[in-house]
Participant: 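Next up is a structure, given as structure tokens.
Residue indices begin at 1 and follow the sequence shown.
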Amino acid sequence: MSAYLEIVVVAFVAQLAVLPGEKVQFIIAGLATEYDPKVVVGAATSAFAGWTAVEILFGRAVQSALSPTVLDVATAILFLVFAVLLSRSAPSSGSDAQSATTDGGHTDHDSLSLPGRLDRYSGSFGGFLPIFVLMAVGEFGDKTQLITIGLAVQYGATSAIWVGEMLA
């Protein structure tokens, strides 16, 4: 397998591993109830594509600024921190799944609006502009960003990372 294709596959698999439960998935699902799903997917994809390019460039900058040993230690620490956080977020083995209570889940969808001044642009390009902004802001600080930066640190700034992640 060529080096380029190998990086595409690694990026694809790494993104798929961290995507479940990402906050932007919930944002996309919610927005798709109010806007044309094709517009939501287009705006979200555009935001992800832009962020991924920035993350790859940031990873290249980190790669040139730090030694490989420091990068390996930082990666190991992040891995352990995420493992501990994931473990703490899991329900205890003795907990009763039926014990959770809700408020009934009733929502008046007509009273929902976009946050801040984005509501003013809700009709822009069929909603593309506010959805793009929500996705770009919502993506900030996600696990997917750390994966992308980590891949760029390891493999350098290559379009193979971008391709693999966009496929995911």
Participant: Is it possible for you to say whether V24 and V39 belong to one hydrophobic cluster, with membership spreading through side-chain heavy-atom contacts below 4.5 Å?
Facilitator: yes
Participant: Establish whether I7 and I149 are linked, either directly or via other cluster members, by ILVMFWY side-chain heavy-atom contacts under 4.5 Å.
Facilitator: no
Participant: In a check of side chain to side chain contact (heavy atoms under 4.5 Å, CB included) between E55 and each of T148, I161, I147, which one passes?
Facilitator: T148
Participant: Report the C-alpha separation of E165 and F12 in whole Å, then their side-chain angles, then the decisive distance to 0.1 Å, and conclude whether the side chain to side chain contact (heavy atoms under 4.5 Å, CB included) test is met.
Facilitator: CA-CA 5 Å; E165 293 190 5; F12 177 80; over 6 Å; no
Participant: Which pair of non-hydrogen atoms, one from A11 and one from A160, has the smallest distance, and what is that distance?
Facilitator: CB-O, 4.3 Å
Participant: Just by distance, do the side chain of S67 and the backbone of V70 share a donor-acceptor pair under 3.5 Å?
Facilitator: yes
Participant: Is a side-chain N or O of W51 found less than 3.5 angstrom from the main chain of A136, in a donor-acceptor match?
Facilitator: yes
Participant: Show the nearest heavy-atom pair for residues G59 and V153, with the distance to one decimal.
Facilitator: O-CG2, 3.3 Å
Participant: Let me see the working for V40 and M135 under side chain to side chain contact (heavy atoms under 4.5 Å, CB included), right down to the final yes or no.
Facilitator: CA-CA 9 Å; V40 174; M135 291 298 103; over 6 Å; no
Participant: Taking L151 as the starting point, is it possible to reach I56 by hopping between hydrophobic residues whose side chains are less than 4.5 Å apart?
Facilitator: yes
Participant: Ignoring hydrogens, what is the shortest heavy-atom contact between F128 and S46? Give both atom names and the distance.
Facilitator: CZ-OG, 3.6 Å
Participant: Following the transitive rule for hydrophobic clusters with a side-chain heavy-atom cut-off under 4.5 Å over Ile, Leu, Val, Met, Phe, Trp and Tyr, establish whether M166 and L16 coincide in one cluster.
Facilitator: yes
Participant: Establish, from distance only, whether the side-chain atoms of T144 and Q15 form a donor-acceptor pair under 3.5 Å.
Facilitator: no
Participant: How long is the straight-line distance from OH of Y155 back to OH of Y4, given to the nearest 0.5 Å?
Facilitator: 14.0 Å
Participant: Using every non-hydrogen atom in the two residues, find where Q63 and Q154 come nearest and quote the distance to one decimal.
Facilitator: NE2-O, 4.2 Å
Participant: Provide the closest heavy-atom pair for A32 versus P37 in the form atom of the first, atom of the second, distance.
Facilitator: O-CG, 4.2 Å
Participant: Short question: side chain of T33, backbone of G30 - any donor-acceptor pair under 3.5 Å?
Facilitator: yes
Participant: So, the side chain of W162 versus the backbone of A49: is there a donor-acceptor pair under 3.5 Å, distance only?
Facilitator: yes
Participant: Same hydrophobic cluster for L57 and L66, using side-chain heavy-atom links shorter than 4.5 Å among ILVMFWY?
Facilitator: no
